[in-house]
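A short worksheet on the structure shown next.
In what follows, every chain begins at residue 1, and chains take the letters A, B, ... in the order their sequences are listed.
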Amino acid sequence: MKTQIEGLLAAALEALGDQLPQDVAPEARVERTRDPRHGDFATNVALALAKPAGRNPRELAQLVVANLPASELVDEVSIAGPGFINFRLSKTAFEQEVRAVLERGADYGRSASGAGRSVIVEFVSANPTGPLHVGHGRHAAYGASVANLLAATGHEVHREYYVNDAGRQMDILAASVWLRYLEALGESFAFPANGYRGGYVQPIADQLVAQEHDRLRRPAAEVFRDLPPDAPEGDQDEYIDAVVARMRELLGEEDYRKVHALGLQEILADIRDDLAEFGVTFDRWFSERSLTELGLVAECIDRLQSDGHVYERDGALWFRASELGDEKDRVVVRDNGQTTYIASDIAYHLGKRQRGHDLLLDILGADHHGYVARVRAGLEAMGEPGDSLEVRLVQFAVLYRGGEKVQMSTRSGEFVTLRELREEVGNDAARLFYVLRSNDQHLDFDLELAKSRSNENPVYYIQYAHARVRSVFRQATEKGLGWTPAAGASGLALLDSAHERALMASLGRYPEMVELAAANRAPQNIVHYLRELAQEFHTWYNAETFLVDDAGVRAGRLALAEATRQVIANGLALVGVGAPDSM
RNA sequence: GCGCCCGUAGCUCAGCUGGAUAGAGCGUUGGCCUCCGGAGCCAAAGGUCAGAGGUUCGAAUCCUCUCGGGCGCGCCA
């Protein structure tokens, strides 16, 4: 609808030709009005052009209006306030839009505005050292919704999970698995303070027992001989690193790798299943280790070196990030010869560009904001545009049960997992609650509210509207009242209540909402829109009976109801929430 | 100390990249089922958009400062 108005306006400006400044000011736009008394759409072109044209805005507005081509879509054009041009659309325009919803079905709201643009969305990317917790759930829901929005607007979208399988945390996981294995075989000792103590480690250790029996068993006395003290007397980090080193020494690299791989494989499988059940899938799980194994990190460092972007100091190799917008220079190769995560990240992001993606969209935790300048500097050093990287930060989610905050601590292994949350409140409620708030706003996630079956809960409120339409159609069938889209389309002309007109107008806004939400990476726009749409539907439902005797009116009302259902279903799909036939 | 994010109704939050009289939900108060699903609807009350400057036809929105909250500032990822 908006595009059609823009078309009319463009024609008018064209007709005026050189009577106006050549360049239409970029801030000149066609927008929805907020107040229905101002019609349906308004444009500020006259205001925007007044200054460059050196003319009175109202006078300009009259000129524009006089040159607007006639259209059956517009009932009235008026000039208001300082020089706004208001358009009141015709009933025909609204009916046409409802027909478009019925014709395009699940495709209604999709556009090609992003066609030809390839976006790689990286999200979740949680360390595979344990199950996902509720914070990761927010990343998953947000990232998946944004990816859906981009796909719906025609972008070519690639979803990726970066697997941090190369770092120290993974070594600690391997050690934790092995120690639980030793315990299972009867060794006894104090579990390291900084090891992974969560219950999920045990089944992996048990599997190791089943596979290897006691082949990897070593006496505890040998394992812990002459290690530095653990916390609280000593340093827990130093201690756990010593345990890892001892493990590698006692098992040898091959068997060490075996345990490491088992831990990684099991936890990743769990994460993958968890996300899949949550409706979140990836096109690729990208291994950090593969970057090193394929020599891409080394290649990247070579390039930095030959282009003069690095220097040596204190035995380490430093990247001149501060010359490219970062706060300080960063170590890419440590004094022990190991590359740092920054080197991997640069290689990884460069690879994303080399794979042909125009936009690299990273969804990261708010605590990673310092990382942005680093990677951007890296991309620029590699000759890639810094603005090809876009980062959206997701703020923390805090769980509440009723009014009580649910305490969590990763350290003790006492955190609520995403799986537990999903089992408690259901996937639909979880998906919707996670994207209800703007990503850069802290989220208070109330478990009781998410479970409640009342109008406090937007999930049920929106789904209920969808189910109600289905129910009405079931009733119609039972009463032997048939309905066809064709009959519905012609029946629309018979609808003229304020509720019906308002509902039609809201349906027509959907494509703009998708466009907007995609551009702003703001799935909450869709949720809020759906809530309003459901509200208008419920209001209409209470005010009017659909299954009336007059076949024409009945067909029209069913058409409008069906179109509403379709848009609700389309919108819910974007945020990964189901549209049930009954509840 | 420096950097990033946030501050909107009693509570939880929207606010369409600067538009016309700032909106929802909950909560509070008062109404609506012989009728397609009451998991619903209608109505009322509730605001110095943290504060102060600035930019302009026009600011919750953009800029500066102040106050308050969160998060960063490793040869960890």
Aromatic stack F84(A)/A20(B): centroid gap under 5.5 Å, interplanar angle under 30°: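 Check passed, F84(A) stacks on base of A20(B).
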U61(B): pairing nucleotide in any strand, Watson-Crick or G-U under 3.5 angstrom: none
Mate of U34(B) where both pairing distances stay under 3.5 Å, Watson-Crick or G-U: none
Is [X] near enough to [N] that one of its side-chain N or O atoms lies under 4.0 angstrom from OP1 or OP2?
X       : N      : answer
Q441(A) : G70(B) : no
R334(A) : C76(B) : yes
K328(A) : G74(B) : yes
R468(A) : G38(B) : yes
N525(A) : A14(B) : no

Which part of the nucleic acid does [X] contact within heavy-atom distance under 4.0 Å: base, sugar-phosphate only, or nothing?
X       : result
F396(A) : sugar-phosphate
D440(A) : sugar-phosphate
R374(A) : base
E512(A) : nothing

No-hydrogen, no-angle side-chain donor-acceptor test under 3.5 Å, E536(A) and S506(A): yes
Polar contact flag, side-chain donor to acceptor under 3.5 angstrom, R468(A)-H538(A):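 Yes - a donor-acceptor pair under 3.5 Å links their side chains.
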Integer angstrom distance from the C1' of G72(B) to that of G23(B):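 Each nucleotide's C1' atom is 34 Å from the other's.
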Span that lies between the C1' atom of U61(B) and that of C16(B), in whole angstrom: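 Straight-line distance between the two C1' atoms is 11 Å.
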Closest to side chain of [X], choosing from [options]:
X       : options                : value
T340(A) : C13(B), C73(B), A77(B) : A77(B)
R531(A) : C13(B), C36(B), A24(B) : A24(B)
N127(A) : A39(B), A77(B), C35(B) : A77(B)

Neighbour count >12 (heavy atoms, 6.0 Å) for atom CG, D549(A): no
Heavy-atom pair of closest approach, residues Y541(A) and V472(A): CE1-CG2, 3.9 Å
